[in-house]
Engineer: 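Dumping the structure here so I can ask a few things about it.
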Amino acid sequence: MTVFERLWVWRVRAACELALALCGGDELVDDARTEASWYADLLHPWDGRGCEPDARVHAWLSILLARRTVAAGPLER
């Protein structure tokens, strides 16, 4: 993943976390981050060297988006 792609990922992650914060505050964001880390570590272990694998980034974002969808409720989806 290039630096440009990395910046895009950080912006998307920040947008997801902001949406979560608006739905449930800091506690929801912290809980979603914990779950996303656990999920990414389980499915896509990474030793921290080099760029984070794309599959790991996608796993992270999928949890954040899923938590946002659940927190928003049926009327806001």
Engineer: Quick check: closest heavy atoms across R67 and D31, and the distance to 0.1 Å?
Structural biologist: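 It is NH2-OD2, 2.5 Å.
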
Engineer: For a quick test of your reading: what N or O donor-acceptor pairs under 3.5 Å do the side chains of residues 20-29 make, sequence neighbours left out?
Structural biologist:
none

Engineer: Going by side chain to side chain donor-acceptor pair (under 3.5 Å), name the residues that satisfy it together with R56, two or more places apart in sequence or in a different chain.
Structural biologist: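 Result, side chain to side chain donor-acceptor pair (under 3.5 Å) vs R56: D41, E52.
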
Engineer: State yes or no: do V57 and Y39 share one hydrophobic cluster built from I, L, V, M, F, W and Y residues joined by side-chain heavy-atom distances below 4.5 Å, directly or via other members?
Structural biologist: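 Result: no, two separate clusters.
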
Engineer: Report the distance from atom CG of L65 to atom NE2 of H58, rounding to the nearest 0.5 Å.
Structural biologist: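 It is 11.5 Å, given to the nearest 0.5 Å.
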
Engineer: Can you see which heavy atom on R13 is nearest to which on L64, and at what distance?
Structural biologist: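 Heavy-atom minimum between the residues: CG-CD1, 3.9 Å.
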
Engineer: Could I get the full list of side chain to side chain contact (heavy atoms under 4.5 Å, CB included) partners for W38, not counting sequence neighbours?
Structural biologist: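 Here the qualifying residues are L42.
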
Engineer: Please list, chain by chain and in numerical order, all residues satisfying side chain to side chain donor-acceptor pair (under 3.5 Å) with R49, sequence neighbours excluded.
Structural biologist: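 Per chain and number, R49 pairs via side chain to side chain donor-acceptor pair (under 3.5 Å) with D47.
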
